[in-house]
Amino acid sequence: MLKGKNVLLCVTGGIATFKSAALTSKLTQAGANVKVVMTDSAKQFVTPLTFQALSRQPVYDDTFKEQDPTGIAHIDVADWADVVLIAPATANVIGKLANGIADDMMTTTLLATKAPIYIAPAMNVNMYDHPAVQRNIETLKGDGYLLIEPGAGYLACGWVGKGRMAEPEDLVVLLERHFQPKEQPLQDQCVLVTAGPTQEKIDPVRFFTNRSSGKMGYAIAKKAVELGAEVILISGPTHLPKPKGVKVIDVQSAADMYEAVIEHFDAANIVIKTAAVADYRPKEVSEQKVKKKPGQWMIELERTTDILKTLGERKQHQLLVGFAAESENIEDYAKKKLESKQLDLIVANDITEEGSGFQGDTNRVTFYFRNGDEEKLPLLSKDKVAEALLLHVGKLLKGKRHV
Ligand SMILES: Cc1cc2nc3c(=O)[nH]c(=O)nc-3n(C[C@H](O)[C@H](O)[C@H](O)COP(=O)(O)O)c2cc1C
């Protein structure tokens, strides 16, 4: 896991500094590229030469020792790091970082880096318990620093208590875990999402459509990619940018959408239908633009094919999720649709509610599950609704819920 990874090791001045030499050696042996930054106090305990020899890299200890005129060392090294580890971290450096102080090579580099920073404190137990140190640690945690709790035991100062720096081998394991690919809830799944409205032609210039923006479906497609899935998005006409990493198939009418969905249905194991597909289309489509005439114009409409119902009848291994955008009797309609279309989960929303439904960036939805469970979500961004939905889908797939 550490092979080729750039680890920036920040060594401050405490008794545990000698342990960082062993840590440098272990990280290098594990294949990491290790660069060491030392404080002046750290050099009182172990020489830079030790770290240089173990890491086979120059050691950084002076902000103003700019050896390379093509760069600025503390920025370059901050950008170079994939991960940063401060070990040992003195009470002093913890205090400086909690207050944004940048008065030496180490602290300027630490403020400049975008890499995740782990902190392994080491100090006397009374120093560690001091309210100022504890307050600073809390501040750092709040700022996103990752604390590696010190161990308890015999301390070099003679006291027994909490304050021992984590052992080098444990720190190596921790960094290996850091680089381990996280398990993705939708890894190896193929998700088919439909989105947007459809357009039903009347003549070459006119069509029937609806107010769906496609935002909910696009948010689901984007989030499904982030959660590890392969995603096919069948989209009616929208003005939205195509989400990265998604195979987008553009369609226009309900009939086009039906064809595209059926074509990709077998490849998918999760199907999420957010599209607002027309229920009716003009029975006759005029080849020429219909000219205006005095009096009324009657257009006869016929039913389009019910895509969701067809999928419910055809489904084998697929998990089927539908949406119900209603303006009245939401729960009743949603539950009926869940049954009649043989869905595994339906997402219902009241389009008359403030912040809910078409076109906006937010939605207030309720999930109804096949086993009778329900979950009402507060008003959320469509991205957050997408995430909540897909995490449920992941759980359903794992059989955590009874489908
Ligand atoms: C022998 C000795 C051991 C020390 N051990 C620690 C220690 O374990 N933790 C700590 O926070 N400070 C320790 N200190 C105090 C720090 O060296 C001192 O606060 C210093 O200013 C830290 O500087 P730095 O954070 O820039 O490395 C020790 C000092 C001495 C003389």
Checklist line | Residues Thr139 and Asn136: side-chain donor-acceptor under 3.5 angstrom | finding: no

Next item on the list: Apply salt bridge (charged side-chain N to carboxylate O under 4.0 Å, His left out) to Glu138 and Lys141, showing your working.
Entry: CA-CA 5 Å; Glu138 285 311 309; Lys141 284 204 258 178; 3.3 Å; yes

Next item on the list: Before accepting this row, confirm whether a basic side-chain N of the pair Asp350/Arg364 lies closer than 4.0 Å to the acidic partner's carboxylate O.
Entry: no

Margin query: Quick one, Leu27 and Val172 - any side-chain contact, counting heavy atoms below 4.5 Å?
Written below: yes

Checklist line | By salt bridge (charged side-chain N to carboxylate O under 4.0 Å, His left out) - contacts of Glu149 (at least two apart) | finding: Lys162

Checklist line | salt bridge (charged side-chain N to carboxylate O under 4.0 Å, His left out) evaluation trace for Lys335 with Glu339 | finding: CA-CA 6 Å; Lys335 285 183 173 169; Glu339 273 307 314; over 6 Å; no

Next item on the list: Indicate whether the side chain of Asn269 and that of Gln318 have a donor and an acceptor atom separated by less than 3.5 Å.
Entry: no

Next item on the list: Measure the shortest side-chain to side-chain distance between Lys223 and Ile220 over non-hydrogen atoms and say whether it is less than 4.5 angstrom.
Entry: no

Check: Applying salt bridge (charged side-chain N to carboxylate O under 4.0 Å, His left out), which residue pairs with at least one partner in residues 92-104 are found, sequence neighbours left out?
Finding: Lys96-Asp103, Lys96-Asp104

Item checked: Shortest non-hydrogen separation from Ala348 to Tyr368 and the atoms involved -> CB-CE1, 3.8 Å

Checklist line | CD1 on Ile346 to OH on Tyr333, rounded to 0.5 Å | finding: 13.0 Å

Could you list the donor-acceptor pairs under 3.5 angstrom formed between side-chain atoms of residues 77-85 and any protein atom two or more places apart in sequence or on another chain?
from  : atom 1 : to   : atom 2 : distance (Å)
Asp82 : OD2    : Asn6 : N      : 2.7

Next item on the list: Examine Arg281 relative to Phe208 and say whether NZ or CZ is less than 6.0 Å from the centre of the six-membered ring and inside a 45° cone about the ring axis.
Entry: no

Note to self: Can you tell me if Phe64 has over 12 outside heavy atoms packed within less than 6.0 Å of its CZ?
What the structure shows: no

Note to self: I'd like to know if the side chain of Asn363 and the backbone of Val365 have a donor-acceptor N/O pair within less than 3.5 Å.
What the structure shows: no

Item checked: Check: Arg164 side chain, Tyr154 main-chain N or O, donor-acceptor pair, under 3.5 Å -> yes

Check: Which distance, rounded to the nearest 0.5 Å, do you find between the CG of Leu345 and the CG of Leu338?
Finding: 7.5 Å

Next item on the list: Mind running ring pair (Phe, Tyr, Trp, His ring centres under 6.0 Å) on His392 and Phe369 for me, showing each step along the way?
Entry: CA-CA 10 Å; His392 272 302; Phe369 296 88; 5.0 Å; yes

Item checked: Heavy-atom check, side chain of Asp61 versus side chain of Met105, under 4.5 Å -> no

Margin query: Checking Thr198 against Glu200: is there a side-chain donor and acceptor pair closer than 3.5 Å?
Written below: yes

Notebook entry, point to check: When rounded to the nearest 0.5 angstrom, what is the spacing between CD1 in Ile232 and CG in Leu192?
Noted result: 5.5 Å

Note to self: Would you say that Gln184 contacts Glu226 through its side chain, given a criterion of any heavy-atom pair below 4.5 Å between the two side chains?
What the structure shows: no

Notebook entry, point to check: In this structure, are over 12 heavy atoms from other groups packed under 6.0 Å from Glu302 atom CD?
Noted result: yes

Check: Does the side chain of Asn349 come within less than 4.5 Å of Ile330's, by heavy atoms?
Finding: no

Checklist line | Shortest non-hydrogen contact between Lys315 and Gln342, atoms and distance | finding: NZ-O, 2.8 Å

Check: Between Asn99 (side chain) and Ile101 (backbone), is there a donor-acceptor pair under 3.5 Å?
Finding: no

Check: Distance-only, no hydrogens or angles: does the Thr194 side chain make a donor-acceptor pair with backbone N or O of Ala275 under 3.5 Å?
Finding: yes

Margin query: Ignoring hydrogens, what is the shortest heavy-atom contact between Ala224 and Leu390? Give both atom names and the distance.
Written below: N-CD1, 3.4 Å

Item checked: Greater than 12 external heavy atoms within 6.0 Å of Ile72's CD1 -> no

Note to self: Would you say that Ile148 contacts Leu174 through its side chain, given a criterion of any heavy-atom pair below 4.5 Å between the two side chains?
What the structure shows: yes

Note to self: How long is the straight-line distance from OG1 of Thr362 back to NZ of Lys215, given to the nearest 0.5 Å?
What the structure shows: 9.0 Å

Check: Would one find more than 12 heavy atoms of other residues, nucleotides or ligands at under 6.0 Å from atom NZ of Lys222?
Finding: no

Check: Are any of the side-chain nitrogens in Glu230 or Lys247 under 4.0 Å away from the carboxylate oxygens of its partner?
Finding: no

Notebook entry, point to check: So, Lys384 and Glu387, do they make that salt bridge, N to O below 4.0 Å?
Noted result: yes

Next item on the list: Indicate the atoms forming the closest heavy-atom contact of Thr310 with Asp306, along with that distance.
Entry: OG1-O, 2.7 Å

Next item on the list: Please assess Leu377 against Glu375 for the test side-chain contact (heavy atoms from CB on, under 4.5 Å), listing each intermediate value before the final yes or no.
Entry: CA-CA 6 Å; Leu377 300 186; Glu375 187 177 317; 3.2 Å; yes

Item checked: Ion pair check, Asp266 and Arg314, cut-off under 4.0 Å -> no

Check: How far does CD1 of Ile86 sit from CD1 of Ile117, to the nearest 0.5 angstrom?
Finding: 6.0 Å

Note to self: Under 3.5 Å, is there a donor on one side chain and an acceptor on the other for Tyr218 and Thr238?
What the structure shows: yes

Notebook entry, point to check: Which heavy atom of Pro197 sits nearest a heavy atom of Thr209, and at what distance?
Noted result: CB-OG1, 3.6 Å

Item checked: Min side-chain heavy-atom separation Leu2-Leu175 under 4.5 Å -> yes

Margin query: So for atom CD, which belongs to Gln180, do other residues, nucleotides or ligands contribute more than 12 heavy atoms lying within a distance under 6.0 Å?
Written below: yes

Notebook entry, point to check: Under 3.5 Å, side chain of Asp256 to main-chain N/O of Ser253, donor-acceptor pair present?
Noted result: yes

Next item on the list: Side-chain contact test, heavy atoms from C-beta onward, threshold under 4.5 Å: evaluate it for Pro88 versus Ser20 and give yes or no.
Entry: yes

Checklist line | Any donor-acceptor N/O pair, Glu66 side chain to Ala73 backbone, under 3.5 Å | finding: yes

Notebook entry, point to check: Between Leu389 and Phe323, is a side-chain contact (heavy atoms from CB on, under 4.5 Å) present by the stated rule, with each step listed?
Noted result: CA-CA 11 Å; Leu389 170 64; Phe323 271 68; 4.1 Å; yes

Notebook entry, point to check: So, Glu313 and Lys309, do they make that salt bridge, N to O below 4.0 Å?
Noted result: yes

Margin query: Go through it in stages, so that I can follow the logic: the residues are Val160 and Leu155, the test is side-chain contact (heavy atoms from CB on, under 4.5 Å), and I'd like the CA-CA distance, side-chain angles, deciding distance and then a yes or no.
Written below: CA-CA 6 Å; Val160 175; Leu155 303 175; over 6 Å; no

Check: Side chain of Ser235, backbone of Ile249: donor and acceptor closer than 3.5 Å?
Finding: no

Next item on the list: Kindly indicate, with the supporting measurements, whether the criterion side-chain contact (heavy atoms from CB on, under 4.5 Å) is fulfilled by Gln187 and Leu227.
Entry: CA-CA 7 Å; Gln187 191 87 45; Leu227 296 179; over 6 Å; no

Margin query: Could you measure the distance from the CD1 atom of Ile119 to the CE atom of Met165? Nearest 0.5 Å is fine.
Written below: 13.5 Å

Item checked: Within 6.0 angstrom of His239 NE2, more than 12 heavy atoms from elsewhere -> no

Next item on the list: Using the side-chain hydrogen bond (donor to acceptor under 3.5 Å, both in side chains) rule, take His74 and Tyr60 through it: C-alpha gap first, then chi angles, then the decisive distance, then the call.
Entry: CA-CA 8 Å; His74 67 274; Tyr60 299 85; over 6 Å; no

Notebook entry, point to check: Which pair of heavy atoms, one from Lys341 and one from Leu320, lies closest together, and at what distance?
Noted result: O-CD2, 4.1 Å

